[in-house]
Colleague: 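I am attaching a structure below and will ask some questions about it afterwards.
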Amino acid sequence: MIPILKYGQVANDQIFARVNPTANVAAAVSGIIADVRQRKDAALYEYTKRFDGADLDTLEVTQEELDAAFAAVEPRFLQILENAAANIRQFHSRQVRSSFQYEREGVILGQKITPIENVGIYVPGGTAAYPSTVLMDSIPAKLAGCRQIVMVTPPGKDGKIPAAILAAAKIAGVDRIFKLGGAQAVAALAYGTESVPKVDKIVGPGNAYVAEAKRQVFGIVAIDMIAGPSEILVIADGKSNASHVAADLLSQAEHDKNASAVLVTDSEALALAVQQEIEVQLAVLPRQEIARASIDNNGKIIIASDLDKVIEIANEIAPEHLELMVDDPFAYLDQIRNAGSIFMGRNCPEALGDYYAGPNHTLPTSGTARFSSPLSVDDFIKKSQFSYYTADALAACAADVAYFAGKEGLDAHGRSAMIRIEDTK
């Protein structure tokens, strides 16, 4: 049963304790990466057979496979995928940046926006299929103007990728798709093989092996973030519906056993009602075993004295998903400083963000919302700055530049400006 903790009556380390999976996979991942670098495709075929049970003839999804999968998906779900894609495009199109330049007295300054050319999208497999991740990670890359989007996702034992994943990839405009998962997929994207092209950036969530592989290849390629277990924090007042709160907490608990579901409230009555309602709803969940482990080991209900204290606690936790379940959520929005994605009011379950609303669902976890942001179009661009000075403009400031350089003990810097002035005399 999910525990109830009263803020101020229990130690803060209980209130703010986080999930900390103890899997130490660094050495195993390092070995896989080294093997893929050395043996390339041969290693990929071997690991896919060993870890996924699939004996592949080819690593890349063919156009025929893509078309067959698209035809196999029921029309209603195809339309839902199209609707979700449209919502995601509508939201992310507002993130697209423009280059700029401006002038002042013989000087032209500016910033140039350039898409990252080749990006890799990792889409998890395993206990569930995630066509939503395909849309969320690929559409911003398309809007940014990336030349090539390469997707990797693990196959089933039959050597196939779920039809819904491939349908979403076709809708999103993914260029190439490979039947690869785990650390070996990340290594292939980072270093390239005979079949898999080397990319410039890898994005997308995955298990502990994928997260560690992204950590180890960072610097060879860019990455979006190191994603931890899924999290939800619900802020709810005494007017909230306990069954709605419980359902929202369980929506994240069913992800995996390390997921974290937290309610912070100023109402003891609501806390007790939600505690009981979680038990009622857990009993009928198809993924009951996973959700039960998450709730029992990582879930908590925190009671605070008032809504201001509730929000203070939420900011300290800095959750991936935050629901603000109050009558006027916009009155409190500015007080929320640390959260990946915020769901406003009583009619906005976090599941809307997972699939349909439009904002991205690849979000900072494990408290990193204190300093990082959701995946966006910005993740798929580079910014270059440029400067232009006329001879007169340089002459007006060269002495200042040289003086500044001298203060840092870098006389050659100053000389590079002054030599031009001296040459004109």
Side-chain angles (χ1 to χ4, degrees), residues 33 36-37 44 59-61 66 84-85 88-89 91-97 99 112-125 130-154 161 165-206 210-227 358-364 372-384:
I33 292 173
V36 171
R37 290 186 68 183
L44 297 179
L59 295 171
E60 187 166 5
V61 172
L66 191 61
I88 295 165
R89 286 190 194 98
F91 179 86
H92 288 79
S93 65
R94 287 161 169 78
Q95 298 173 337
V96 175
R97 291 176 179 260
S99 300
K112 183 173 75 72
I113 302 296
T114 307
I116 295 175
E117 285 201 25
N118 301 293
V119 297
I121 308 291
Y122 188 95
V123 177
Y130 298 100
S132 55
T133 296
V134 180
L135 301 179
M136 293 287 182
D137 290 4
S138 302
I139 289 173
K142 274 290 182 185
L143 288 169
C146 298
R147 182 177 64 82
Q148 180 174 238
I149 301 173
V150 181
M151 189 179 96
V152 293
T153 191
I161 293 171
I165 295 285
L166 295 181
K170 186 171 182 177
I171 288 169
V174 173
D175 297 295
R176 299 181 71 180
I177 307 167
F178 291 88
K179 303 172 183 179
L180 293 170
Q184 62 271 24
V186 175
L189 291 172
Y191 293 99
T193 71
E194 296 93 341
S195 299
V196 183
K198 182 185 187 304
V199 302
D200 303 306
K201 185 166 188 175
I202 301 171
V203 306
V210 172
E212 179 59 29
K214 287 171 69 178
R215 190 192 312 275
Q216 291 190 22
V217 301
F218 175 65
I220 302 300
V221 294
I223 62 171
D224 53 345
M225 63 187 78
I226 304 296
N360 211 281
H361 81 191
T362 298
L363 302 167
S372 56
S373 307
L375 191 76
S376 73
V377 173
D378 282 349
D379 283 285
F380 300 101
I381 62 168
K382 302 174 295 179
K383 295 173 283 240
S384 301

Colleague: Any side-chain donor-acceptor pair under 3.5 Å between K382 and S384?
Modeller: no
Colleague: If you measure from CD on E60 to CG on L180, what distance do you get to the nearest 0.5 Å?
Modeller: 10.0 Å
Colleague: Using the side-chain contact (heavy atoms from CB on, under 4.5 Å) rule, take R97 and V377 through it: C-alpha gap first, then chi angles, then the decisive distance, then the call.
Modeller: CA-CA 8 Å; R97 291 176 179 260; V377 173; over 6 Å; no
Colleague: Output the distance between atom CD1 (I139) and atom CD1 (I171), rounded to the nearest 0.5 Å.
Modeller: 8.5 Å
Colleague: Does this structure show an ion pair linking K201 with D224, if we count only N-O contacts that are shorter than 4.0 Å?
Modeller: no
Colleague: Quick check: closest heavy atoms across G358 and H92, and the distance to 0.1 Å?
Modeller: O-CE1, 3.1 Å
Colleague: Minimum heavy-atom separation for A172 and L135, please, with both atom names.
Modeller: CB-CD2, 4.1 Å
Colleague: Do P140 and F91 come close enough that some side-chain heavy atom pair is under 4.5 Å?
Modeller: no
Colleague: With a 4.5 Å heavy-atom cut-off, do L189 and K198 have their side chains touching?
Modeller: no
Colleague: Side chains of V203 and I121, heavy atoms from C-beta outward: is any pair under 4.5 Å?
Modeller: yes
Colleague: Answer yes or no: is there a donor N or O on one side and an acceptor on the other, between the side chain of Y130 and the main chain of I165, under 3.5 Å?
Modeller: no
Colleague: Test side-chain contact (heavy atoms from CB on, under 4.5 Å) on Y191 and I220; report intermediate values, then the result.
Modeller: CA-CA 8 Å; Y191 293 99; I220 302 300; 3.5 Å; yes
Colleague: Do Q95 and L143 touch side chain to side chain, with heavy atoms closer than 4.5 Å?
Modeller: no
Colleague: Is it the case that the side chain of N360 and the backbone of M136 share a donor-acceptor pair, with hydrogens and angles ignored and the cut-off at 3.5 Å?
Modeller: yes
Colleague: List the steps, then state whether side-chain contact (heavy atoms from CB on, under 4.5 Å) holds for V61 with L166.
Modeller: CA-CA 9 Å; V61 172; L166 295 181; 4.2 Å; yes
Colleague: Heavy atoms only: give me the nearest V134-A168 pair and the separation to one decimal.
Modeller: CG1-C, 3.7 Å
Colleague: For R89, look at atom CZ and say whether over 12 heavy atoms of other residues, nucleotides or ligands are found less than 6.0 Å away.
Modeller: yes
Colleague: Under a 3.5 Å distance rule, please check whether D200 uses its side chain to pair with a backbone N or O of N118 as donor and acceptor.
Modeller: yes
Colleague: For the residue pair V119 and C146, what are the closest heavy atoms and their distance?
Modeller: CG1-SG, 3.9 Å
Colleague: May I ask you to test the L44-T193 pair for a side-chain heavy-atom distance under 4.5 Å?
Modeller: yes
Colleague: Rounded at 0.5 Å granularity, tell me how far CD1 in I116 sits from CD1 in I149.
Modeller: 11.5 Å
Colleague: As an exercise, state the distance from CG of D175 to CZ of R147, rounded to the nearest 0.5 Å.
Modeller: 8.5 Å
Colleague: Donor-acceptor pair, K214 side chain versus P205 backbone, under 3.5 Å?
Modeller: no
Colleague: Kindly compute the distance separating CG (L66) from CD1 (I177), expressed to the nearest 0.5 Å.
Modeller: 5.0 Å
Colleague: For K142 and G173, indicate whether the former's side chain and the latter's backbone hold a donor-acceptor pair under 3.5 Å.
Modeller: yes
Colleague: Which atoms form the tightest heavy-atom contact between M225 and L363, and what is the distance?
Modeller: SD-O, 3.2 Å
Colleague: Determine whether D137 and V123 make a side-chain contact, defined as any pair of heavy atoms from C-beta on separated by less than 4.5 Å.
Modeller: no
Colleague: Carefully, step by step, assess I202 and V186 under the rule side-chain contact (heavy atoms from CB on, under 4.5 Å).
Modeller: CA-CA 8 Å; I202 301 171; V186 175; 3.9 Å; yes
Colleague: Calculate, to the nearest 0.5 Å, the distance between atoms CE and OG belonging to M151 and S138 respectively.
Modeller: 7.0 Å
Colleague: Please report the closest heavy-atom contact between T153 and P124, naming both atoms and the distance.
Modeller: OG1-O, 3.9 Å
